[in-house]
Amino acid sequence: MAAAGSGFEDPPADVLARAAAAFGLLASPARLHIVWALAQGESDVTGLAERVGGALPAVSQHLTKLKLAGLVGSRREGRRQVYYVDDPDVVDVVRLMVGRLTDRAAPPRRRLHGL
């Protein structure tokens with residue numbers, strides 16, 4: 001079904017439901033921070049807990065939810081479980097949103113007169 005006059009097709013209901021579920025998971029500041037950290041590189045749960053300032057069990061629970069949703073994946077390296085973002089599109093969305101909000105929060109640059 002097309003939106004009136006826009007030329008764009010509305011996405012199917014199941015796609016909207018999956019997108020809403022992903023955004024719902026990312027609505028938690030702790031989970032968003034975890035995804036942000038993993039977008040910068042892989043990590044184990046201990047490294048993530050230190051980086052995001054969360055308790056190990058809480059970070060582990062967040063990772064489980066993100067993994068069940070397919071946003072985060074993991075693999076075994078010896079005795080460690082290493083986590084990574086499993087969806088590059090999620091990385092793009094998170095980087096875009098956080099980057100834009102960071103830019104808006106930055107104080108405006110002063111312009112030099114005559115330039």
Side-chain angles (χ1 to χ4, degrees):
M1 116 185 29
S6 71
F8 289 103
E9 291 288 322
D10 288 338
D14 65 316
V15 171
L16 290 171
R18 287 194 319 259
F23 281 123
L25 280 169
L26 295 174
S28 158
R31 285 192 290 271
L32 184 59
H33 196 174
I34 289 167
V35 171
W36 175 262
L38 290 175
Q40 313 311 310
E42 301 175 343
S43 181
D44 63 7
V45 69
T46 303
L48 282 170
E50 289 172 3
R51 178 159 181 189
V52 303
L56 200 63
V59 171
S60 183
Q61 287 178 350
H62 288 307
L63 285 166
T64 297
K65 288 180 182 180
L66 291 166
K67 191 173 177 183
L68 286 171
L71 301 178
V72 167
S74 68
R75 70 172 186 288
R76 215 160 274 274
E77 280 188 5
R79 296 177 61 183
R80 293 178 349 140
Q81 193 79 5
V82 176
Y83 293 89
Y84 54 90
V85 177
D86 204 23
D87 187 339
D89 294 331
V90 170
V91 172
D92 292 342
V93 169
V94 168
R95 285 184 175 160
L96 176 68
M97 180 57 78
V98 172
R100 293 267 169 98
L101 292 173
T102 300
D103 290 346
R104 288 182 192 165
R109 294 184 191 158
R110 296 180 73 195
R111 297 182 74 196
L112 298 175
H113 295 286
L115 292 182

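By convention here, the first residue in the shown sequence is residue 1. Atoms considered below: every heavy atom in the structure, side chains included; atoms not considered: hydrogens, waters and symmetry mates.
With sequence neighbours excluded, the residues that form a side chain to side chain contact (heavy atoms under 4.5 Å, CB included) with Ala30 are Ser28, His62.
Grouping Ile, Leu, Val, Met, Phe, Trp and Tyr residues whose side-chain heavy atoms lie under 4.5 Å apart, directly or via other members, leaves Tyr84 alone, with no other cluster members. Summarising the hydrophobic clusters (Ile, Leu, Val, Met, Phe, Trp, Tyr; side-chain heavy atoms under 4.5 Å, direct or chained), the residues clustered with Val59 are Leu25, Leu26, Leu32, Ile34, Val35, Trp36, Leu38, Val45, Leu48, Val52, Leu56, Leu63, Leu66, Leu71, Val72, Tyr83, Val85, Val90, Val91, Val94, Val98. Other cluster members for Val93: Phe23, joined by side-chain heavy-atom distances under 4.5 Å among Ile, Leu, Val, Met, Phe, Trp and Tyr.
Results of the side-chain contact (heavy atoms from CB on, under 4.5 Å) test with Asp44 over Glu77, Arg80, Gln81 single out Arg80 as the only residue that passes.
Heavy atoms of other residues, nucleotides or ligands lying less than 6.0 angstrom from CZ of Arg100 number 12 at most.
Contact record, Arg76 with Arg79: NH1-O, 3.2 Å, taken as the closest heavy-atom pair.
Within the structure, the salt bridge (charged side-chain N to carboxylate O under 4.0 Å, His left out) test picks out no pair touching residues 46-70 (sequence neighbours left out). Evaluation of the salt bridge (charged side-chain N to carboxylate O under 4.0 Å, His left out) test over residues 86-99, restricted to residues two or more places apart or in two chains, returns none.
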